[in-house]
Number of protein chains: 2
Amino acid sequence: MTPRRTAEPEPALIWERPEPPARRTPHPLSRALIVGAALELADADGLDGVSIRRVAAALEVGPMRLYGYVDTKSELLDLMADAVYAEIVPPAGRPPQDWRAGLRLIAALTRRAALRHEWFPELLGGRPHLGPHALAALEAKLAALHRVPGLAGRPAELRRAAAAFQSYLVGSLRTELSERQADRAEGRSEEQWRDANSPYLRRVLAAGRHPLLAELVVEGEHPTPGEEFEAGLEVVLDGIAALVC
Amino acid sequence: MTPRRTAEPEPALIWERPEPPARRTPHPLSRALIVGAALELADADGLDGVSIRRVAAALEVGPMRLYGYVDTKSELLDLMADAVYAEIVPPAGRPPQDWRAGLRLIAALTRRAALRHEWFPELLGGRPHLGPHALAALEAKLAALHRVPGLAGRPAELRRAAAAFQSYLVGSLRTELSERQADRAEGRSEEQWRDANSPYLRRVLAAGRHPLLAELVVEGEHPTPGEEFEAGLEVVLDGIAALVC
DNA sequence: TATCGGTCGATACACTGTATCGACCGCCGC
DNA sequence: GCGGCGGTCGATACAGTGTATCGACCGATA
């Protein structure tokens, strides 16, 4: 179908496709404007709040207008993700000498971005993002890993460390943020969630088939999500340290 | 709204709500039948292939019929996730003595389930799953962590180890499976994907702003996803080991 | 056997992403 | 200055989605 296979000059990826030239109309448009409106909607209502129709309405424009700047909704999501990656690229200048501090910085930047844009972790962990800011963030991550003593020259070990580090970020942020998001959607805090499910959990645990889980729920102080994130991160950093010694 | 606040006897969670009694009709129904049909659809077409209408059609039943067994579509997804957790619970009997082997077993079972049901990682990492099999799998994970020498009595450290381990599983499986799924959706293998994006990546890397990334893409043999998963896991296990010594 | 209560599913509603295509408007050549 | 044309815009349409509503039917009880 669509047999015209003769020379497709339009680049397939949005990162290489130029956007249409600006044009004087009552409601001028650009990818930047579109992405800005979409970010606002997503920050307010989550990813479900982003629909072509709603973004267009926010820009006082017909829905079909957007398809001149973006081929598909998922391209719009790619642009949104790349905009968040821009917040993750560490500031240029002297990076921390201590490699652990360097990786902690990247982790903190990533978590900060995820807290600002709770929908971001949902987009993470899919097929790799190839936008300019995503690539810059990736390069920065690799640079931080290069400063681990003994890791610079060994691509296999570096790959393992990168996989573990990145997977931990994706997994823990996705977990933390989707909980927070669900809580807010139902208009209750984490306290209230535990209260809501508490009766059920208490009944289940009272049955005695989950002694270790019961112990963990009851015992000890429950750390804040931030502390939990950092604590798990230290485990991963220790693992990376063990990789080379 | 809906002012009848007087005594809501129906349990809120599906895990405690009994399903309606079986009934002799031309097309008898049950949660098990519904979940079975939904699993089949999801395995074949991904999570997008699961719609109330399609599940009902597979059972030769009107769509609204399902709402007698399930309050909402997300409850159906919860049931589907719990069915997969059943495949993750390690077989009863003597667990491996070596704690690393115990954690590797759980990781392997989780990955096996994710490969069988590529949509499963998408459901992971949301608000914690509380179904019976999910809780059993969680208990097994805690049991494996309890066999780490020196971790048994320390809930704080155990929590950190659990967070790192679980987050790694979620992150790496989500990444791996969503790539594989996207590849298959477009009918091409991983080889072909790299070829499709290769021109773009080559152009970007040729610009020289991402030397470390370029080095990593070019250099070294690319491990299979399974090897990469296990390699990253070892980093996490090393980190857990470092937690107690 | 007559009635009642519960179950089923047809219909409806408010959405979604996007293909199609007619109409309009601004710019260019004359 | 004006005619025509090409590109842009957006109204409309289509095939879906989850789920609320409600009329009709059917089986079991009195």
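To find a chain, count down the sequence lines: A is the first, B the second, and so on, and within it residues start at 1.
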Undergrad: With no angle test and no hydrogens, is the base of D/dT19 tied to the side chain of B/Arg53 by a donor-acceptor pair under 3.5 Å?
TA: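 Side chain to base: pair found, below 3.5 Å.
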Undergrad: Separation of B/Leu66 atom CG from C/dT7 atom P, in whole Å?
TA: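 So the two atoms are 15 Å apart, to the nearest Å.
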Undergrad: Whole angstroms only, please: what is the CG-P distance between A/Leu47 and C/dG17?
TA: 12 Å
Undergrad: Please determine, by modelled atom types, if A/Asp48 and A/Trp119 share a side-chain donor-acceptor pair under 3.5 angstrom.
TA: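 There is no such pair between these side chains.
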Undergrad: Find which nucleotide of DNA chain C each of B/Pro20 and B/Pro63 is nearest to by heavy atoms, and output the residue with the more 5' nucleotide.
TA: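 Counting from the 5' end, the first nearest nucleotide belongs to B/Pro20.
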Undergrad: For A/Arg209, does the CZ atom have more than 12 heavy-atom neighbours from other residues, nucleotides or ligands under 6.0 Å away?
TA: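 No - once you tally the heavy atoms of other residues, nucleotides and ligands closer than 6.0 Å, there are 12 at most.
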Undergrad: Closest to the B/Met64 side chain: C/dG9, C/dT16, C/dT20?
TA: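 Among C/dG9, C/dT16, C/dT20, the one nearest the side chain of B/Met64 is C/dG9.
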Undergrad: Could you say whether A/Val61 or B/Ser51 is positioned toward the 5' end of DNA chain D, judged by the nucleotide with the nearest heavy atom to each?
TA: A/Val61
Undergrad: Round to the nearest Å and state the distance from A/Ile52 atom CD1 to C/dT18 atom P.
TA: 6 Å
Undergrad: Between A/Arg65 (CZ) and C/dG17 (P), how many Å, whole number?
TA: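 So the CZ-P distance, A/Arg65 to C/dG17, works out to 18 Å.
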Undergrad: Does D/dG16 have its OP1 or OP2 closer than 4.0 Å to a side-chain nitrogen or oxygen of B/Arg54?
TA: no
Undergrad: Taking atom CZ of B/Arg116 as the centre, does the number of heavy atoms from other residues, nucleotides or ligands within less than 6.0 Å exceed 12?
TA: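 Atom CZ in B/Arg116 is crowded, with more than 12 foreign heavy atoms closer than 6.0 Å.
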Undergrad: Between P on C/dC8 and CG on B/Leu29, what's the gap in Å once rounded to a whole number?
TA: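 Taking atom P of C/dC8 as the reference, CG of B/Leu29 is at 8 Å.
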Undergrad: Tell me if the CD atom of B/Glu19 is crowded by more than 12 foreign heavy atoms within 6.0 Å.
TA: yes
Undergrad: Should B/Thr72 be listed as having a side-chain N or O under 4.0 Å from OP1 or OP2 of D/dT19?
TA: yes
Undergrad: Looking at the rings of A/Tyr85 and A/Phe120, which for Trp means the six-membered one, are their centres under 6.0 Å apart?
TA: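 Judged by ring-centre distance (under 6.0 Å), A/Tyr85 and A/Phe120 do meet the cut-off.
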Undergrad: Report the distance from atom CG of A/Leu77 to atom P of C/dT16, rounded to the nearest whole Å.
TA: 14 Å
Undergrad: Calculate the interatomic distance between B/Asp48 atom CG and C/dG17 atom P; express it in whole Å.
TA: 13 Å
Undergrad: Whole Å only: how far is the CG atom of B/Asp45 from the P atom of D/dG16?
TA: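 For the pair B/Asp45 CG and D/dG16 P, the rounded distance is 13 Å.
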